[in-house]
Asker: 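Can you keep this structure in mind? I'll have questions shortly.
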Amino acid sequence: MRILLLVAIAAGLSHAGVIQGVAVENASSVPLARTRIKLQRVGGSSGLTPVSNLIAGPMGQFVFTGLSEGLYVVSAVRPAYAETVYVGKPGDSRTSLVRVGRDSDPFAEVRVRRLGVITGRIVDENRVGIPGVNVLAYSASIPLRVVAQGKTDDRGVYRVFGLPKGKYYVRNAPQQLDDGPGLLPTFFPHGTMAKDAVMVGVDLDRETTDVDIVPMHGTLFTLSGTVTCTQGMANVVLTSDTGRRETRVPCGGAFSFRDLAPGEFELLGFQPEERVSSWITLAADRDREIKLQ
């Protein structure tokens with residue numbers, strides 16, 4: 001009986017399917033060690049059912065064993081790279097399925113593409129680089145949403161990486177200067193309003209270069225105030241067309257938002273636990289004290 005059982009197990013293993021492969025960088029074909037490889041089976045109500053995932057070896061190699069017959073999807077996930085599905089024939093999504101059968105021995109080379117990059121310089125009126133300036137990349141849609149950011153080096157050069165393929169607006173963050181005026185948030189190529197911005201195209205496996213900005217100069221200001229609720233904590237949110245800033249303070253406490261550029265703002269205070277809120281809209285261009293009640 002034991003012998004028959006062992007024979008049955010051996011026969012089952014001999015028919016178990018295997019998918020082998022390797023993960024490589026698309027642009028250079030260099031193996032990508034320690035890349036996470038995901039395996040999903042086609043079928044079921046959701047279309048794809050997770051089967052397994054593993055970490056590729058030092059040469060980017062991976063092996064899935066003990067698979068039943070059917071169709072599978074192999075994909076690779078790695079920081080700073082786009083999640084990539086194996087495609088047998090580049091450009092033909094119909095070849096993304098891997099078939100496992102009794103007589104098949106599929107090999108999947110997953111060519112993983114780097115996420116896009118935007119580079120440029122933040123410079124002064126004499127085209128001298130300004131160090132230590134934060135640079136933001138926004139999705140080119142309304143409302144604007146920060147997707148990634150970077151900071152200029154000693155030469156004023158910045159590099160914003162990890163961007164999916166698409167269109168973006170690029171803007172420097174405000175920064176106070178030593179001689180008094182500050183750098184206003186300025187969109188590429190110029191202008192402080194989103195309507196003045198020019199979209200920057202980003203593709204995988206490439207850098208979009210020369211996205212240089214000469215920030216406009218102006219006075220930065222502070223918006224501060226108090227929350228006059230009776231008990232507990234309150235959230236205070238400052239929103240503009242380029243995003244939001246938020247802080248949490250006790251009732252009767254003070255809040256402050258610094259290094260703001262002139263523009264249109266909405267100030268909202270609320271207590272989630274009490275389900276109460278208060279807000280105000282304002283066009284601000286100077287230091288102001290606000291009371292939320």
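In this text the structure is predicted, and so the values were computed from the model without any measurement. These numbers come from the heavy atoms of this one structure, side chains and all, not from hydrogens, waters or symmetry mates.
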Asker: Could you walk me through whether Phe255 and Leu238 pass side chain to side chain contact (heavy atoms under 4.5 Å, CB included), step by step?
Answerer: CA-CA 11 Å; Phe255 62 86; Leu238 184 70; over 6 Å; no
Asker: Check whether the side chains of Ser68 and Arg41 place a donor and an acceptor atom closer than 3.5 Å, and report yes or no.
Answerer: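 Judged by distance alone, the side chains do pair up.
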Asker: Are the side chains of Leu282 and Leu223 in contact, using a 4.5 Å heavy-atom criterion?
Answerer: yes
Asker: Could you go through Leu71 and Val98, starting from their C-alpha distance and side-chain angles, then the distance that decides it, and tell me whether this counts as side chain to side chain contact (heavy atoms under 4.5 Å, CB included)?
Answerer: CA-CA 6 Å; Leu71 297 175; Val98 180; over 6 Å; no
Asker: For Arg248, does the CZ atom have more than 12 heavy-atom neighbours from other residues, nucleotides or ligands under 6.0 Å away?
Answerer: yes
Asker: Looking at Arg99 and Glu69, does any basic side-chain N land under 4.0 Å from a carboxylate oxygen?
Answerer: no
Asker: Please check if any side-chain donor atom of Gln271 sits under 3.5 Å from a side-chain acceptor atom of Asn235, or the reverse.
Answerer: no
Asker: Specify the closest pair of heavy atoms between Leu184 and Ala261, including all atoms of both residues, with the distance to one decimal.
Answerer: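 Answer, listing the atom of Leu184 first, then Ala261: CD2-CB, 4.0 Å.
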Asker: Is it the case that more than 12 heavy atoms not belonging to Asn126 sit under 6.0 Å from its CG atom?
Answerer: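 Check passes, neighbour count above 12.
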Asker: Does the side chain of Phe187 come within less than 4.5 Å of Asn172's, by heavy atoms?
Answerer: no
Asker: Hey, is CZ on Phe161 packed in by over 12 heavy atoms from elsewhere, all under 6.0 Å?
Answerer: no
Asker: Kindly give the heavy-atom pair with the smallest separation between Gly129 and Pro131, and that separation in Å.
Answerer: O-CD, 3.7 Å
Asker: Would Asp205 and Arg114 pass as an ion pair if we require N to O under 4.0 Å?
Answerer: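 No, Asp205 and Arg114 are not salt-bridged.
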Asker: Over 60° means perpendicular and under 30° means parallel, so tell me whether Phe221 and Phe265 are parallel, tilted or perpendicular.
Answerer: perpendicular
Asker: For a quick check under 3.5 Å, do Arg78 and Thr35 share a side-chain donor-acceptor pair by atom type?
Answerer: yes
Asker: For Val236 and Leu268: C-alpha separation, side-chain torsions, deciding distance, then whether side chain to side chain contact (heavy atoms under 4.5 Å, CB included) applies.
Answerer: CA-CA 6 Å; Val236 182; Leu268 168 67; over 6 Å; no
Asker: Does Leu39 belong to the same Ile/Leu/Val/Met/Phe/Trp/Tyr cluster as Val77, with side-chain heavy atoms less than 4.5 Å apart forming each link?
Answerer: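 In one cluster with Leu39: Val77, no.
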Asker: Is it true that Arg127 and Asp212 have a side-chain N and a carboxylate O under 4.0 angstrom from each other?
Answerer: yes
Asker: Donor-acceptor pair, distance only, cut-off 3.5 Å: does the side chain of Asn26 make one with the backbone of Val112?
Answerer: no
Asker: Using only heavy-atom distances, determine whether the side chains of Arg121 and Tyr158 contain a donor-acceptor pair under 3.5 Å.
Answerer: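 The answer is no; no qualifying pair exists.
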Asker: Looking at Gly132 and Thr152, what are the two nearest heavy atoms and their distance?
Answerer: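 So the minimum-distance heavy-atom pair works out to N-OG1, 2.9 Å.
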Asker: Tell me whether Val24 is reachable from Phe107 by hopping between hydrophobic residues (I, L, V, M, F, W, Y) whose side-chain heavy atoms are closer than 4.5 Å.
Answerer: yes
Asker: Does a side chain donor of either Arg111 or Ser29 reach within less than 3.5 Å of an acceptor in the other side chain?
Answerer: yes
Asker: Please name the pair of heavy atoms, one in Pro262 and one in Thr219, separated by the smallest distance, quoted to 0.1 Å.
Answerer: CD-O, 3.9 Å
Asker: Looking at Glu83 and Lys38, is there a salt bridge between them, counting it only when a charged N and a carboxylate O are closer than 4.0 Å?
Answerer: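 Salt bridge: yes.
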Asker: Does Leu267 reach the side chain of Phe257, with side-chain heavy atoms less than 4.5 Å apart?
Answerer: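 Yes; the side chains approach each other to less than 4.5 Å.
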Asker: Report whether Leu292 and Leu260 are members of the same hydrophobic cluster (ILVMFWY, side-chain heavy atoms less than 4.5 Å apart, transitive linking).
Answerer: yes
Asker: Any chain of hydrophobic side-chain contacts (each under 4.5 Å) joining Ile122 to Val170?
Answerer: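 Yes, because Ile122 and Val170 connect within a single hydrophobic cluster, where side-chain heavy atoms sit under 4.5 Å apart.
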Asker: May I ask you to check whether Ser224 and Glu289 show a side-chain donor-acceptor distance below 3.5 Å?
Answerer: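 Yes, because at least one side-chain N or O of Ser224 sits under 3.5 Å from a partner of the opposite role on Glu289.
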Asker: Which atom pair, heavy atoms only, marks the closest approach of Pro189 to Val198?
Answerer: CD-CG2, 3.4 Å
Asker: Would you sort out whether Phe188 and Val200 count as a side chain to side chain contact (heavy atoms under 4.5 Å, CB included), showing the intermediate values?
Answerer: CA-CA 9 Å; Phe188 170 80; Val200 177; 3.8 Å; yes
Asker: So does Lys291 get a backbone contact from the side chain of Thr226, meaning a donor-acceptor N/O pair under 3.5 Å?
Answerer: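 No.
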Asker: Would you say CZ of Arg206 has more than 12 non-hydrogen atoms from neighbouring residues, nucleotides or ligands within 6.0 angstrom?
Answerer: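 More than 12 within 6.0 Å, yes.
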Asker: Using the rule that Ile, Leu, Val, Met, Phe, Trp and Tyr join whenever any side-chain heavy atoms are under 4.5 Å apart, tell me whether Val133 and Leu136 fall into a single cluster.
Answerer: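 No; Leu136 is not reachable from Val133 via cluster members.
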Asker: Between the side chains of Glu246 and Arg244, is the shortest nitrogen-to-carboxylate-oxygen separation below 4.0 Å, so that they form an ion pair?
Answerer: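 A salt bridge links Arg244 with Glu246.
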